[in-house]
Amino acid sequence: MNALNVVILAALGYAVLLFLVAFIGDRSTRSGWLRSPVVYTLSISVYCTSWTFYGAVGSAARNGLEFATIYIGPTLVFLGFYTVLRKLLRIRRENNITSIADFISARYGKSDLVAATVTLIAVAGAAPYIALQLKAITTSFQVIGGSPDTVGSDPVTALWIAAGLALFTIIFGTRSIDANERHYGVVAAIAVEAVVKLVALIGVGLIAVYQVADGPQDIMNRIAETMPPPEDGFGVRWIGLIILSGTAVLCLPRQFQVTVVENVEERHLFTAAWLFPLYLFLMSLFILPIAAVGATTLPAGSNPDLFVLTMPLAAGRDDIALLAFLGGFSSATSMVIVSCIALSTMISNHIVMPLTLRRTAGTGARGDVRALLLKSRRIAICGILFVGFLYLEFGPQSAGLASIGLVAFLGVAQVLPALLGALFWPRANRRGAMLGLAVGFAIWTYTLLLPGLLADAGWWQRVTDAGPFGIEALRPGSLFGLPGSDPLMHAMFWSLSANILFFVLGSLSRDLSPLEQLQSTLFVDAFETGQGGRHLVGRTASADTLFDLAQRVMGPNRAYGIFQNYARSNNNGAEFPVPDDAFINHLERRMAASVGAASARAMISRVAGGERISLDELVKIADETARLMEYSTRIEQKSHELEETASKLQSANQRLVQIDAQKDEFLSQVSHELRTPMTSIRSFSEILAQNDRIDDDKSRYFLDIIHNESVRLTRLLDEILDIGVVERGDDLPVSQIDPSNALRRAVDACRGLAATANVDLIESIDNTQSIVVANQDRLTQVFINIISNAIKYNDADAPKIEITAGVDTAHYRVSVHDNGAGISEADATMIFDKFSRGSKPTNEKGAGLGLSISRTIARKFGGDVLLIPTAGAGTRFDIILPLGSSEGSQTEPLAKPVQLLQ
Amino acid sequence: MADNRPSKRLIDVAIIAPVMGLILLIPPVIGLFATDATVFGAPLILVYLFSVWLFLIATAAVLARRLARADKDEAR
């Protein structure tokens, strides 16, 4: 009895310590250590309940490594934190989510039906689980109190423990109803408990390794001796348990509470991502050694679930046993406390609140909502614990209890499809979520929960053996004839497959409603949409009505603070904000932090009317991606255009450079051309000026030279001047003339040149009278220019030039075709440019202005000079002139001949 | 740009890491080590399981460190 007193004292002392820690934690919300990532991580370890604290060793003793799956699943989930958990945290922060039920319901159109369903699933799974914790505490009490033989029902202890836990949870868990006001006190206490359970388990492990056994080598031998053959352990069940535990760490209401809702800062997750798996690793490090030592040293028939306590007791280490007891106590209490907080929030927000709203539908929500919520949460906490207690005392006492942890895991796993759909599948809708949840929940209840609960009932035994109403296909243990040797895997397969199937089919069966669409975008694109896209809902209400509502939910001070802050931050100077759309949405989200999204929406709708979401706006935000894509297409187009412009610029630049080079060449040539006659003029005039005794013949000869050179100079300058004149295009008097006259004059003028160069001129000029509008002299100049070029550059052995002239469609056309070497393609493009001559070296010295001038002149008359590609050798230039009728259509478009020629 | 936010590659690693971890820890891969063999007297399967586990924790730590740094830069 002395031992029991010590244990009671220790437990009480520990409880007082926890109260103290929680009290200090609540008081010192400002202090740093409570907001550290380590405390956050430790609070997540509420995952390790007494089921894992005691039960892991039991599981290891029976099934070897299988216990590790319960830790590996969460390890993998936290390894993938960046994808799922971080998104959960972000969405919770943006939408003030209060629980997993609230999360699911907010995503699927703020539906209170969805929220209530998730709540129901959570409660159904949690009650037996809580019973298990109570059982663990009472049993450990009896074991360590020195009466291990009388382990059994102990309702008084269980009731006391339940009452104590209810008290603690109510004091520290229901101080405030706002999810944004975190339960610092509770978190602090949980963190302390997390440390205690880790230290306790490691302590027991060290005793096992170094006191009872002879060090690591001996331990390994014992493990090899006691462990079942490893080949058997890794089948479907292994995979199933990993998936199940990974699901549980996301979906269990208490895990969602500590990981998502109680999270203070997103970056804490970056620490928890590795620190929590490390915690789990340390927790499981000594499981196998303890199991092996227990199995080899304790008397046969000892309950392996209690090895953690009985092993140190048998080794005479009462102190370590007491520590282990406190560790188990910590595991159980922290789980119960957090579960109660999470579940009571869900019950009050998603069951009590909607019912109240419905009951008062006609009258409008009256009364102090805040008080109602707090009261309902306190009652819910007591209710949950009492149900757990009843379950412990009157529920099935057979083996059912041991696997109840996994039963609860599979229960909340039904939320997983809806949860992942909420995060990643934009088309997932309320119908799909409801169908999936309902079907999965029903199958889970039928194939796993009820068989556990009713294991002792005779009528259920008949259902199990023969199927309900004698239908064998519906036997809960082997649905549709599927062999159910492992009830957990059997239930997992059927419930989750059906759940996913109905979730997908239901979601595909209809389009999203506007509100669902909005929420879907806010959730799925949580990292992209940010603050935009919120103010789409058109609602109005007077500020007074809104304040009245807000203060009933959040209390007058808090509500006043929200109104004032909003007014201040929106800078309108007034005490109350303008109750516009943006403010109503703001208020709804703040209220959602207290009562959940569905209830907040229902309450706001009471005073402000239902939301009318503008479809256009909705489409706009829903098509965020589409818009981005359009934008990028436009940018692409722009860059394409830019590229084109750049390439145009480049070719223009190249041409400029080319022309510049031509100009330089021309200038040097012109200087040279001018210099030669100038030199002779200067030198001969100097001779004449300095020598008096030059005879007349000689001086006449010199003067002749000077005169000839001057004439040459003048001609050169005239030519250069010509360019300017023709370019500017002024003073070119035109009249109606017959171009054949000009051509004949030109041919006559060239005969001398042709004769000197031995060129055969063949002319066939159509004598029909035709009229063009032009300047006779200039036109002659053009003809002379082209013909003399043909003569000058003809390097054939028997040079000849054919000149034909006639009228085609609307033009007078003159062709000058020689049999020379022709013009290369490269030259063809620039031959008409000023200062340009063919690249071929010739002995001809001209300024290279002839063609350019000719073409410019011809164009002045509406015609053109064209280089016609010839099939054989030689070069052919065509001069075309529009036929000037009496209407004087000298602006005959040039396009036509050009087209003809191409 | 590349320095200011988590690189696409880093995010891809963060997404694929748990999948690779799962593959390492489920049959058939884990079955390869489920034999009676021992390493320094310890069953091979124990050594394998706990080493992979530690490796995954280290991976998570490295990933978290890099992603946190990148996220912090982004927030600035």
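First the proteins, then the strands, lettered A, B, ... as listed; each starts at 1.
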Return the option, out of B/V52, B/L63, B/L54, with the maximum number of heavy-atom pairs under 4.5 Å with chain A.
->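 Most heavy-atom pairs under 4.5 Å with chain A: B/L54.
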For [X], is it the side chain, the backbone, both, or neither that has a heavy atom closer than 4.5 Å to a heavy atom of chain B?
X	result
A/L65	side chain
A/S284	both
A/F81	side chain
A/L288	side chain
A/L285	both

Can you check whether B/L25's main-chain N or O pairs, donor with acceptor, with A/W238's side chain at less than 3.5 Å?
->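 Side chain of A/W238 to backbone of B/L25, a donor-acceptor pair under 3.5 Å: yes, one is there.
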Atom of [X], atom of [Y] and distance for their closest heavy-atom approach:
X	Y	result
B/A64	A/A273	CB-CB, 4.3 Å
B/W53	A/P277	NE1-O, 4.0 Å
A/L76	B/P18	O-CB, 3.4 Å
B/P43	A/I223	CG-CG2, 4.5 Å
B/P27	A/I239	CD-CG1, 3.7 Å

[X] [atom1] to [Y] [atom2] distance, which is reported to the nearest 0.5 Å:
X	Y	atom1	atom2	value
B/I30	A/I72	CD1	CD1	6.0 Å
A/W274	B/R65	CH2	CZ	10.0 Å
B/I16	A/T83	CD1	OG1	9.5 Å

Yes or no on side chain to side chain contact (heavy atoms under 4.5 Å, CB included) for A/L280 and B/I57, after CA distance, side-chain angles and deciding distance?
-> CA-CA 10 Å; A/L280 295 179; B/I57 293 169; over 6 Å; no
Quick one: are [X] and [Y] in side-chain contact, heavy atoms under 4.5 Å?
X	Y	result
B/I45	A/F234	yes
A/R86	B/L67	no
A/M220	B/T38	no

Heavy atoms from other residues, nucleotides or ligands near CZ of A/R90 exceed 12 (cutoff 6.0 Å) | yes
So with a 6.0 Å cut-off around CZ of B/F55, is the heavy-atom count from everything else above 12?
->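 No, the 6.0 Å shell around CZ holds no more than 12 heavy atoms from other groups.
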Non-hydrogen atoms of chain A under 4.5 Å away: do they reach the side chain of B/F40, the backbone, both or neither?
->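 B/F40 touches chain A through backbone heavy atoms alone.
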